[in-house]
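Note: hydrogens, waters and symmetry copies are ignored here, and every other heavy atom, side chains too, is used. Both ligands and their constituent atoms are indexed starting at 1 by order of listing.
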Amino acid sequence: MPTKPNFPAAAARRRARLPIVTLLIVVFGARVTRVAGAAAAPHAMVVAESAPAARAGLEILRKGGNAVDAAVATALALGVTNASSCGIGGGGFMLIYWAKTGKLYALDYREVAPAAARADMYMRSGQPDEQLARTGALAVAVPGELAGLDAARRRFGTMEFSRLAAPAIKLARAGFPLNPHMAREIPLIAPLINQDPSFRAIYFNPDGTPRHAGAMLHNPNLAALIESLGDDPDARFYHGEIAAKIADFVKARGGILTAQDLANYRPVWRDPIHLAYDGYDLYTIPPPSSAGVVLEILGMLSNSGVAGLGVDSPAYLARLIEVMRQGFIDRAQYADPAFVKVPIATLLSPQHLAAARERALHHLPAPPAAPAHDHGTSNFAIVDRFGNVVEVTTTVNTIFGAKLMVPSLGLVLNDEMDDFGVAPGVPNVFKLVGEENNEVAPGKRPLSSMSPLIALKNGRPALAVGGSGGPTIISGVAQVTIDTFAYHLNPEAAVRLPRVHQQAHPDLVFIEQNLPFRTRDELAAMGYHLKIVPELGAISAIRIRPGALRGAFDPLKGGGAVGD
Ligand code: GLY
């Protein structure tokens, strides 16, 4: 482990992504302090990667709904405004802290591989063709989003689905502004979608150029689809006419998803995984999420004295990089638990964490390889006035998923099949190498990096945090958690702090371009191979104290933080 003298606290050098503008407003009698990219409020809060989606959640809270009701409304609205990242053609994970029981509940509504899926389905003439898992009908896994949202609503919600869907329907029909993040993404994949009349009608000008940020977009077909779900979205989406339309569309394009696959889809309630970390109890999603890696990273750093090293100091970052690498090496053991026994208790045991920490001390950097990329996925967090907390990460995988929209439904289909190992040794779009544990099989859930996390202190919620950006979710959630608890940063400072990422393969250290030059130089001098990237995912968080909520979204991706 390279060690260096402490580096001065970096909070003052935070990347100035957004000016901090504080103003006081009065909403429903509560004093709400708002800052750009962040908010503070006493009772309730929604933070999402879309301002209209955050407002949709708050609207439901104000109508008396709880955090789960609001989560359904926020997720549906987010699927309209951020359709390149998430939506009802995708899937996700929801983590709930339920105040009445004081317990955590994890809901897995991850997509599954269709029944006809096979481990070698992306092999052509003896060679893997990774693009088949990313673009086009063979990339589509069975969507779980609606089944999951409705399962959460039925167990913990208080409102009918149609009421929760109303804000999303209104946005899709009346229009919503194209957000800057999506406006940046669309040109990146324009050649793959700009000849498709459905995408073209929404996201392109009549002359075929991508629309600019702020342009009003409409998706009336998606509005009609959500409206048609009434109060029984599960039955209406996964069976009958809508399921048949989706299956026919996929089949006509050479895919394997069938109406029977949709009918067979079931979300799964799972026991959250837990780690005691420096006086906090951290909870997150078990496999098929690899969020256990977040806990491993934090577990290796627990009680290790990083607090004394200085915020984003080279000494702290070096230690973080080493344990992060060890955590990502273990990621290969994670997979769908219905297919693979994941030794999660062992991976989070004090003995394993101590041994992994010891291995981390002796790591020598290896030669550089290809960089990781940030893509789709979206995250939001909600706290209600009853004390419940919901943290959700949801995705269609890469930008606009499989780059397919079912025209009459306005529905973007995911490319979650790329989260499987497409073939042994072949990296997926995030450069995560396919392992046998995570190979394609019928009915299997692909391994995910989505890591919604809720921290408790003395049994009471203290932090809700999550993010988007493939494997950089894992490193980002770990860093914001450390920055919150070890360095006592508020959420806006924690999410803005430049981050690093090391996922073992490739054996490179990715650093955000805003990391100060002096820190970069010191890391390079330690022997790290650095790759400077514009951004490493987007993290959002709510810091929870009795009567004082403070939330922030990552200004790199934009969003909304609203509260009462
Ligand atoms: N599709 C990104 C993830 O689940 O990690």
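Contact detail for Tyr265 and Asp108: the closest heavy-atom pair is OH-O, 4.2 Å. Between Ala113 and Ala117 the shortest heavy-atom distance is CB-CB, 3.8 Å. When all heavy atoms of Val342 and Gln333 are compared, the closest pair comes out as CG1-O, 3.4 Å.
Which parts of ligand 1 touch Ser448 is read off a 4.0 Å heavy-atom cut-off, strictly below it: atoms 3 (C), 4 (O), 5 (O). For ligand 1, the atoms closer than 4.0 angstrom to any heavy atom of Glu416 are 1 (N), 2 (C), 4 (O). The Asn397 neighbourhood of ligand 1 comprises atoms 1 (N), 2 (C), with distances under 4.0 Å to a heavy atom of that residue. Taking every heavy atom of Thr395 and a limit of under 4.0 angstrom, the matching atoms of ligand 1 come to 1 (N).
Atom CG of Asp271 is surrounded by 12 or fewer heavy atoms from other residues, nucleotides or ligands within 6.0 Å.
Side-chain atoms of Ser290 never come within 3.5 Å of backbone atoms of Val293 as a donor-acceptor pair (strictly under, hydrogens ignored).
Distances between N or O atoms of Asp419 and those of ligand 1 include at least one value under 3.5 Å.
Nearest protein heavy-atom neighbour of atom 5 (O) of ligand 1: Ser449 N, 2.7 Å.
Contacts between Arg110 and ligand 1, counted as non-hydrogen atom pairs separated by less than 4.0 Å, involve the side chain only.
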- prompt: Yes or no on side chain to side chain donor-acceptor pair (under 3.5 Å) for Gln479 and Arg499, after CA distance, side-chain angles and deciding distance?
  reply: CA-CA 7 Å; Gln479 283 167 89; Arg499 291 190 285 270; 5.7 Å; no

